[in-house]
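A note on names: the letters A, B, ... follow the listed sequences, proteins ahead of strands, and every chain is numbered from 1. Here the structure is a predicted model, which means the values were calculated and not measured.
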There are 2 protein chains.
Amino acid sequence: MGLTRTEFFTEKQNKTASIMKALGHPARIAIIDFLLKTDKCICGDIVEELPLAQPTISQHLKELKNVGLIKGNIEGNAICYCINKKTFIEFQKYLTTVFDKLEKQENNCC
Amino acid sequence: MGLTRTEFFTEKQNKTASIMKALGHPARIAIIDFLLKTDKCICGDIVEELPLAQPTISQHLKELKNVGLIKGNIEGNAICYCINKKTFIEFQKYLTTVFDKLEKQENNCC
DNA sequence: TTATTATATTGCAATATTACGATAAAGATT
DNA sequence: AATCTTTATCGTAATATTGCAATATAATAA
């Protein structure tokens, strides 16, 4: 059918999956890498940095913004994008529980 | 065109994205959650646990296995799946660098 | 007001994903 | 051997994603 059955899963599972999904493309990983590297947040420089057309980048930025991983700030006629720490910290919480559980796992059959 | 331009990105970016992508579906997050919870690894119980048809689960397990997030072990006519710690630890390394950089970021414009 | 610059949106073609019924494969049980 | 159990694969319909040219939008500069 091609439609993810989100209603079958918990809100947390859906939220986590949507963040992972947003990060599930090398261009979007590259955008995050770039925003982390530049320290101050950069706008259309991303378009110059990445070897993709401007509309494509714009689309990727939109997806990252939709799940709250980045924020956009209007500065004149340009837009300044940057990491949204809040979402990352929330994401980190989930990951911490995963890695904690993993550490305690012993009876791993494989 | 519908084809991800992996050749434009680094191996690490592509690898990270592929792991994120594999985790970018609530059913696959639920599978990981379940494998973490059960401690000893479970096989076809996953099919009973999740409200999806057996072929669908099988497909999701395959995707998780393809990126190395889980391992499968034949036990009689059943198969025992479990977390592949190695990949998770590798994944954690990337995430640690991200969160470290994030912590040092100060000139965040937004 | 008319460019110019920067970003977003639209529309579309190519491809990928999701889900599942039907069926295959392979070991276990009778 | 015949059957049951468990999991994988095939085929396919519905939907989503990726990428970009063309165009729209909106602020700035001339």
> A:Ser58 has a side chain; which of C:dT9, D:dT18, D:dT7 sits nearest to it?
Replying inline: C:dT9

> Looking for any heavy atom pair under 4.0 Å, which part of the strands does B:Glu63 touch: base, sugar-phosphate only, or nothing?
Replying inline: sugar-phosphate

> A:Pro55 has a side chain; which of C:dA16, C:dA22, D:dA22 sits nearest to it?
Replying inline: D:dA22

> Any side-chain heavy atom of B:Leu61 sitting closer than 4.5 Å to one from B:Tyr81?
Replying inline: yes

> DNA chain C: A:Phe8 or A:Gly44, which has the more 5' nearest nucleotide?
Replying inline: A:Gly44

> Any chance CD of A:Glu7 has more than 12 other-residue heavy atoms, nucleotides or ligands included, within less than 6.0 Å?
Replying inline: yes

> Distance check: side-chain N/O of B:His60 vs OP1/OP2 of C:dT17, anything under 4.0 Å?
Replying inline: no

>> Main chain of B:Cys80, side chain of B:Asn73: is a donor-acceptor contact present, judged purely on distance under 3.5 Å?
In response: no

> Which whole-number value in Å describes the distance from B:Met20 CE to C:dT17 P?
Replying inline: 17 Å

> Between A:Ile31 (CD1) and D:dG19 (C1'), how many Å, whole number?
Replying inline: 13 Å

> Taking the nucleotide of DNA chain D with the closest heavy atom to each, which residue, A:Arg28 or A:Gly76, is nearer the 5' end?
Replying inline: A:Arg28

> If you count the non-hydrogen atoms of other residues, nucleotides and ligands that lie under 6.0 Å from CD in B:Glu48, is the total more than 12?
Replying inline: no

> Can you check whether B:Lys71's main-chain N or O pairs, donor with acceptor, with B:Asn84's side chain at less than 3.5 Å?
Replying inline: no

> For the side chain of A:Gln59 and the base of C:dA8, is some donor closer than 3.5 Å to an acceptor across the two?
Replying inline: no

> With distance as the sole test, does A:Glu63 use its side chain to make a donor-acceptor pair with the main-chain N or O of A:His60 at under 3.5 Å?
Replying inline: no

> Base, sugar-phosphate, or nothing for B:Lys65, non-hydrogen atoms under 4.0 angstrom?
Replying inline: nothing

> At under 4.0 Å, does any side-chain N or O of B:Lys62 touch on OP1 or OP2 of D:dT7?
Replying inline: no

> Where the side chain of B:Leu52 is defined as all heavy atoms beyond and including C-beta, which of C:dA19, C:dA6, D:dG19 is the nearest nucleotide?
Replying inline: C:dA19

> Considering only D:dT7, D:dG19, C:dA8, which nucleotide approaches the side chain of A:Tyr81 most closely?
Replying inline: C:dA8

>> What is the separation between atom CG on A:Leu61 and atom P on D:dT18, rounded to the nearest whole Å?
In response: 13 Å

>> Output the rounded distance in Å from CG (B:Leu64) to P (D:dT7).
In response: 16 Å

> Which one, D:dG19, C:dA19, D:dA8, comes nearest to the side chain of B:Ile79?
Replying inline: D:dA8

> B:His25 NE2 to C:dA16 C1': how many Å, rounded?
Replying inline: 13 Å

>> Any donor-acceptor pair, under 3.5 Å, between the side chain of A:Gln54 and the base of C:dA8, if you only look at N and O atoms?
In response: yes

> Nearest-Å distance, CG (B:Leu23) to P (C:dT18)?
Replying inline: 12 Å

>> Given D:dC20, C:dA28, D:dA16, identify the nucleotide with an atom nearest to the side chain of A:Thr56.
In response: D:dC20

>> In whole Å, I'd like the distance from the CG atom of B:Asn77 to the P atom of D:dT3.
In response: 18 Å

>> For a quick check of understanding: with a heavy-atom distance under 4.0 Å over all strands, which category does A:Ile74 fall into, base, sugar-phosphate or nothing?
In response: nothing

>> So if I take every side-chain heavy atom of B:Leu3 and compare against D:dT28, D:dG19, C:dT15, which nucleotide ends up nearest?
In response: C:dT15

>> Distance check needed: C:dT18 P versus B:Ile29 CD1, whole Å only.
In response: 12 Å

>> So, does A:Lys21 get its side chain near the phosphate of C:dT17, meaning an N or O under 4.0 Å from OP1 or OP2?
In response: no

